[in-house]
Amino acid sequence: MWSFLSFLGLLLVTVVSAISTTGDRLLVILDDVADKASYSQFLGDLEGRGFTVAFETPKSESLSLFRLGERAYDHVVFLPTNSKGLGPNLTPALLLQFINQNGNILLALSASTPTPVSFVSLLAELDIQLPADRTALVVDHFNYDTASAADKHDVLLLPAPRPSRSDVKDFFGGSSTSLLAFPRGLGVTLGAGELLTSIVRAPRTAYSYNPKEASEAVGSDDLFAAGEQLALVSAFQARNSARFTIVGSAEMLQDAWFDAEVKTVAGATAKTDNREFAKRVSGWTFQELGVLRVNWIEHHLNEEGVANMSNPEIYRIKNDVTYSISLSEYAWSSWTAFAVPANDVLQLEFSMLSPFHRLPLVQDAAQSTAEAAVYTVSFTVPDQHGIFNFKVNYKRPFLSNVEEKNTVSVRHMAHDEWPRSYAISGAWPWISGIAATVAGWLAFCALWMYSAPTEKKKENKKTQ
């Protein structure tokens, strides 16, 4: 009986771990609960991945992100609402507190609905700027759907996003022929903070303006931003690895644009890849993708003839040391071995106030498995005593942060650990001088002791 219950418990743990690394409680906030019918496929995909979805309106009295000081939900999805404010339960301070407690947020905006003031304040805290009127529309006269936006050009057709750098993992891209529909969306501009990253940027020919103030010609003074200044889908990952994603067009998550047929300016017809993109964006936001885990860390002496104990608290200067770290990456439903992206490097710092060593960690195939990759490096402890840290500080876009520090002491050499003088070639002349002096002294002593004294001549004195 107990074995059967243990099997059920193990099965339950497996099912739970197949959802998200931070939990399965998902809250969807929208203007009217009936509006969820427009997002049935998106929400159904979330439920199919194991999330427990609850629905609330901003003005609901029962709405609360916290219960007894702890998060009541693990993730929150905000869909467009006509409310100017979100009420006392969704203030910017509470939303920041939710992020600080490792909660994840997916915010979907719309150009046809003014962004609530709470979100404007929250985004300003994160160094994300919205248009002043909060309803600016992104248009592109060269990349739009001619079937649904022949006049206004406000349904952008975009290629699948690609990493901006070669050392960034691709979590959101599809095939080379994939198209994303971005209907009637809002663009934002990102500050220079290292925690902000754009997922989808606007084409070079796109721009954002207020359609209510549009005239026959839109001047540069009327534009909020243009081209790649506009981030259509952007991400913020906090230092605690909590994630906040902004989707500029809530309509791209609706059923009408999942696998919809569109027509490019060139006349080619294609189906949108919005559903797969929505899955990837929500999966990353809710920590089903790009989550790194440190399984174990080991450092030890790498010298012959000594006890190479794991993780000692003290080393000696000029010791040979080996450091190893085991890393895994979570992808949808399982942990796999983490592979460092091409053109990137995982580094170890051995530092006191500043790094004495900064060395690349290399994957050890002998210790690695399908579930975990082991990275290792060997080096010599510097000729400096004090308190040192083994530190791995790996922070990259779209990957959760790895910051591990292990403190050890480095001591002087003991009196009996210095090399003997005869092993130092520079000391040989002085050793030879000492040996010659000792040998000469012994020879002198032997000669003195074993040499007979000279006989004195006896003079016979005659007595007269």
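In this text the structure is predicted, and so the values were computed from the model without any measurement.
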**Request:** Evaluate the criterion side-chain contact (heavy atoms from CB on, under 4.5 Å) for residue pair Met252 and Phe277; output intermediate values, then yes/no.
**Result:** CA-CA 10 Å; Met252 73 181 302; Phe277 178 74; 3.8 Å; yes

**Request:** Could you go through the salt bridge (charged side-chain N to carboxylate O under 4.0 Å, His left out) check for Arg358 and Glu349 one step at a time?
**Result:** CA-CA 5 Å; Arg358 185 179 284 121; Glu349 289 184 359; 3.1 Å; yes

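The closest donor-acceptor contact from the side chain of Thr91 to the backbone of Gly87 lies at 3.5 Å or more, if one exists at all. With hydrogens and angles disregarded, a donor-acceptor distance shorter than 3.5 Å links the side chain of Thr376 to the backbone of Tyr323. Remark: side-chain polar atoms of Asn319 are paired, donor with acceptor, to backbone N or O of Arg316 under 3.5 angstrom. With Thr52 contributing its side chain and Arg25 its backbone, the two residues share no donor-acceptor pair below 3.5 Å. Judged by distance alone, with hydrogens and angles left aside, the side-chain atoms of Ser198 form no donor-acceptor pair with the main-chain N or O of Ser234 at under 3.5 Å. Using a distance-only test at 3.5 Å, with no hydrogens or angles considered, no donor-acceptor pair links the side chain of Ser60 to the main chain of Glu56. Judged by distance alone, with hydrogens and angles left aside, the side-chain atoms of Thr369 form a donor-acceptor pair with the main-chain N or O of Ala372 at under 3.5 Å.
There is a side-chain donor-acceptor pair under 3.5 Å between Gln41 and Arg275. No side-chain donor-acceptor contact under 3.5 Å links Asn104 and Thr285. Side chains of Asp31 and Asn82: a donor-acceptor N/O pair is present below 3.5 angstrom, by distance only. With no hydrogens or angles considered, no side-chain donor-acceptor pair links Asn100 and Gln97 at under 3.5 Å. In the model, Thr407 has a side-chain atom that pairs as donor or acceptor with a side-chain atom of Asn389 under 3.5 Å. A donor-acceptor contact closer than 3.5 angstrom is absent between the side chains of Arg71 and Gln101. In summary, the side chains of Asn89 and Ser64 do not present any donor paired with an acceptor at a separation below 3.5 Å, with no hydrogens or angles considered. Thr57 and Asp32 are not linked by any side-chain donor-acceptor pair at a separation below 3.5 angstrom, with hydrogens and angles left out of the test. In this model, a donor atom of one side chain and an acceptor atom of the other lie less than 3.5 Å apart for Tyr207 and His141. For the residue pair Glu298 and Ser310, a side-chain donor N or O sits within less than 3.5 Å of a side-chain acceptor on the partner.
In Leu353, the CG atom is not crowded: 12 or fewer heavy atoms of neighbouring residues, nucleotides or ligands sit closer than 6.0 Å. Atom NE2 of His357 has more than 12 neighbouring heavy atoms from other residues, nucleotides or ligands inside a 6.0 Å radius. Within a 6.0 Å sphere centred on CZ of Arg411, other residues, nucleotides and ligands contribute more than 12 heavy atoms. Annotation for Lys395: atom NZ counts as buried by contact number, over 12 foreign heavy atoms lying within 6.0 Å.
In this structure, Phe379 has its ring center at least 6.0 angstrom away from the ring center of His299. Ring pair Phe172/Phe398: centre-to-centre distance below 6.0 Å.
Taking each heavy atom of Thr81 and Pro58 in turn, the nearest pair found is OG1-CG, 3.8 Å.
Under 4.0 Å is where a charged nitrogen must lie from a carboxylate oxygen, and between Asp45 and Lys279 no such pair does. Note on Lys391 versus Glu404: no salt bridge recorded, every NZ/NE/NH1/NH2 to OD/OE distance being 4.0 Å or above. Salt-bridge check for Lys169 with Glu329: passed, with a basic side-chain N closer than 4.0 Å to an acidic carboxylate O.
Applying the salt bridge (charged side-chain N to carboxylate O under 4.0 Å, His left out) test to Arg201 and every residue at least two apart in sequence or in another chain returns nothing.
Ring geometry for Phe390 versus Phe350: interplanar angle of 30 to 60°, hence tilted.
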